[in-house]
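Below you'll find the structure, written out as structure tokens, and then a few comments.
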Amino acid sequence: MQFLASLVSNSRKFGRRWDRALSLHHFSSNATPASISNPAFVEFLRDNGFQKPLAIAIAMRYPNLKSLEQPRSVIQMLKSYSFSDTQIQKSIRVHPRMMFYNVEKILEPKLRFFKDIGFTGSGLGKFVSQNSSVVGVSLVKKLIPTVEILKSIVAPKHEDLPVILSRCGWLLLSRDPNLFLLPNISYLETCGIVGSQLASLLRRQPRIFNLSEEKLRGYVSRALDLGFTLNSRMLVHAVISLSSLSEKTFDRKVKLFMANGFSEDEITDIIRRSPGLIRCSEDKLTLGFEFYLKRMGIEREALAKRPCVLSYNLEKRVIPRLKVLQILREKGLLLKEEKKKKNMVGIVEMTEEAFLEKYVVRFGDEIAEELLVAYKCVCLVDETLLDRIKI
């Protein structure tokens with residue numbers, strides 16, 4: 001019973017576990033008609049694309065089914081909303097009860113509701129097939145109140161709702177929104193996370209809104225301990241990063257910085273400047289330290305002032321730029337200040353548009369073409385350098 005309960009509790013994983021459950025119960029394509037409790041229902045499901053073992057497993061849950069009228073009307077309704085056969089099968093596999101919902105009173109109003117908030121065409125079928133339990137949730141008590149709260153966060157960009165709900169459909173299955181969504185929103189707003197920042201948090205880290213208020217306060221408290229302040233525009237980025245990894249992982253990354261010569265004060269300053277950096281993998285950080293500190297000889301202080309460069313892709317962004325600078329240096333076209341290693345970090349940090357304008361386009365067609373080829377073609381990057389940093 002506990003195993004079956006766990007299946008129902010997690011709709012996204014339920015499909016995979018359901019398939020496993022089939023094998024555990026030895027439902028096979030060799031089942032005989034005599035062993036099938038409801039052969040007409042099995043045949044109906046088979047006609048609608050279900051594999052025989054799954055059709056048998058579903059039918060065995062409803063041995064007393066007398067009529068196929070309700071399942072047939074449900075499938076017809078889903079098809080009328082442009083659900084593909086695969087989406088219908090996935091929806092029913094995860095939430096078989098939906099075949100017995102009243103089409104006019106339960107199913108159709110919810111499909112129309114999701115369509116009205118922006119799910120159209122195959123997008124609606126994809127959303128429901130990935131979150132099929134939402135069709136069993138109260139429209140008035142849960143779906144409408146939750147969506148209205150989310151609308152208030154992303155306003156006026158209501159077109160973002162389908163994207164957000166596709167990432168966190170479980171918000172519609174969670175507790176009463178008045179008991180968790182609204183209190184968390186109110187608390188975040190008291191911290192100065194409002195408007196576009198609140199919307200950004202919902203898009204990037206929606207699970208924050210489903211946390212207990214105690215846990216949410218814990219993330220904010222840790223951010224304040226690192227030197228972030230209430231009403232700072234950087235606070236939301238700190239909360240996103242701290243909530244993305246465990247304290248154990250955070251501590252391990254801090255030790256990695258210390259192992260590369262950074263003091264505790266420098267590390268705190270780095271996190272304040274670039275809170276997203278702590279979400280980078282330890283391998284990526286190690287590679288960055290190897291490249292900037294050891295290979296390029298950049299001073300630790302210079303790197304600490306522009307730490308975000310550690311998150312940049314070396315192969316696609318950093319090395320091609322250094323190749324361009326190398327060519328300019330060989331041609332004697334770099335200014336004295338631009339040759340200094342401490343300024344290399346700032347050059348790497350420039351936007352692509354600014355970099356191309358300053359170090360490629362302004363040198364005239366002939367040289368610019370050579371520089372652009374070097375910038376765009378990884379094949380021109382020094383192979384020994386690539387081997388050295390093991391990209």
Side-chain angles (χ1 to χ4, degrees), residues 191-193 197 200-201 204-205 207-208 211 214-319 321-322 325 339-350 384-391:
C191 296
I193 299 177
Q197 294 182 47
S200 175
L201 184 58
R204 297 174 60 187
Q205 194 73 327
R207 73 180 189 87
I208 282 285
L211 294 175
E214 179 183 2
K215 196 157 190 175
L216 179 56
R217 287 178 179 274
Y219 288 130
V220 173
S221 177
R222 288 177 60 197
L224 297 179
D225 289 343
L226 288 168
F228 293 90
T229 58
L230 297 179
N231 299 309
S232 163
R233 294 190 66 84
M234 294 300 289
L235 179 61
V236 64
H237 300 290
V239 172
I240 289 172
S241 293
L242 290 171
S243 64
S244 299
L245 67 167
S246 67
E247 289 190 46
K248 182 178 180 181
T249 301
F250 176 84
D251 292 341
R252 201 164 57 237
K253 290 181 180 180
V254 168
K255 290 178 181 178
L256 181 58
F257 274 90
M258 295 180 71
N260 282 275
F262 294 90
S263 67
E264 290 187 12
D265 288 342
E266 285 176 322
I267 296 170
T268 300
D269 188 52
I270 285 171
I271 295 174
R272 283 202 298 267
R273 290 174 182 268
S274 183
L277 190 61
I278 60 174
R279 299 201 307 273
C280 291
S281 70
E282 291 169 64
D283 287 343
K284 186 177 183 67
L285 291 174
T286 299
L287 188 62
F289 293 139
E290 167 72 18
F291 181 80
Y292 291 108
L293 298 177
K294 299 177 182 178
R295 174 61 179 148
M296 297 302 300
I298 303 294
E299 294 181 356
R300 192 185 67 249
E301 292 78 7
L303 192 59
K305 289 180 180 179
R306 299 179 184 270
C308 61
V309 298
L310 287 167
S311 66
Y312 296 156
N313 187 295
L314 289 178
E315 183 178 356
K316 295 180 179 180
R317 176 171 181 155
V318 180
I319 293 177
R321 292 190 181 196
L322 297 183
L325 296 179
K339 295 179 182 179
K340 293 182 179 180
K341 289 184 177 180
K342 67 178 182 179
N343 293 326
M344 294 294 180
V345 178
I347 294 172
V348 168
E349 194 179 35
M350 295 172 69
T384 60
L385 181 57
L386 292 176
D387 290 340
R388 164 75 174 168
I389 62 175
K390 300 180 181 179
I391 290 180

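Residues take their numbers from the sequence shown, with the count starting at 1.
- Side chains of R272 and F228 form a contact here, defined as non-hydrogen atoms less than 4.5 Å apart.
- For the atom pair L277 CG and K284 NZ, the distance stands at 9.5 Å (nearest 0.5 Å).
- Using a 4.5 Å cut-off on side-chain heavy atoms (C-beta onward), K305 and V345 make no contact.
- Here the CZ-CG distance, from F250 to L226, works out to 5.0 Å after rounding to the nearest 0.5 Å.
- Annotation: side chain of V220 is not in contact with side chain of L242 (no heavy-atom distance under 4.5 Å).
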Begin from the C-alpha positions of D251 and K255 and carry the test salt bridge (Lys or Arg N to Asp or Glu O under 4.0 Å) through to its verdict.
CA-CA 6 Å; D251 292 341; K255 290 178 181 178; over 6 Å; no
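- Rounding to the nearest 0.5 Å places CG of L293 at 7.5 Å from CG of L310.
- Judged by distance alone, with hydrogens and angles left aside, the side-chain atoms of S221 form no donor-acceptor pair with the main-chain N or O of R217 at under 3.5 Å.
- Side-chain atoms of I271 and F257, non-hydrogen and from C-beta on, never get closer than 4.5 Å to each other.
- Contact detail for R279 and S241: the closest heavy-atom pair is NH1-OG, 2.8 Å.
- The closest donor-acceptor contact from the side chain of R317 to the backbone of E349 lies under 3.5 Å.
- With S311 contributing its side chain and C308 its backbone, the two residues share a donor-acceptor pair below 3.5 Å.
- In terms of heavy atoms, P275 sits closest to H237 at CG-CB, 3.6 Å.
- The minimum heavy-atom distance between I278 and K253, with the atom names listed, is O-NZ, 2.7 Å.
- Judged purely by atom type and a 3.5 angstrom limit, Y292 uses its side chain to pair as donor or acceptor with the backbone of V309.
- Enclosure of atom CD in E214 is not indicated, since only 12 or fewer non-hydrogen atoms of other residues, nucleotides or ligands lie within 6.0 angstrom.
- Here CZ of R321 is found 8.0 Å from OH of Y312. Values are rounded to the nearest 0.5 Å.
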side-chain contact (heavy atoms from CB on, under 4.5 Å) assessment of F289 paired with K294:
CA-CA 7 Å; F289 293 139; K294 299 177 182 178; over 6 Å; no
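- S244 pairs with exactly one of Q205, R207, R204 by the side chain to side chain donor-acceptor pair (under 3.5 Å) rule, that one being Q205.
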Using the salt bridge (Lys or Arg N to Asp or Glu O under 4.0 Å) rule, take D225 and R222 through it: C-alpha gap first, then chi angles, then the decisive distance, then the call.
CA-CA 5 Å; D225 289 343; R222 288 177 60 197; over 6 Å; no
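- To the nearest 0.5 Å, atom CG of residue L245 and atom OG of residue S281 are 12.0 Å apart.
- Atom CG of L287 and atom CD of E315 lie 10.5 Å apart (nearest 0.5 Å).
- L235 is listed as a side-chain neighbour of C191, based on a closest heavy-atom distance under 4.5 Å.
- With S274 contributing its side chain and I270 its backbone, the two residues share no donor-acceptor pair below 3.5 Å.
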side-chain contact (heavy atoms from CB on, under 4.5 Å) between V254 and F262, intermediate numbers included:
CA-CA 9 Å; V254 168; F262 294 90; over 6 Å; no
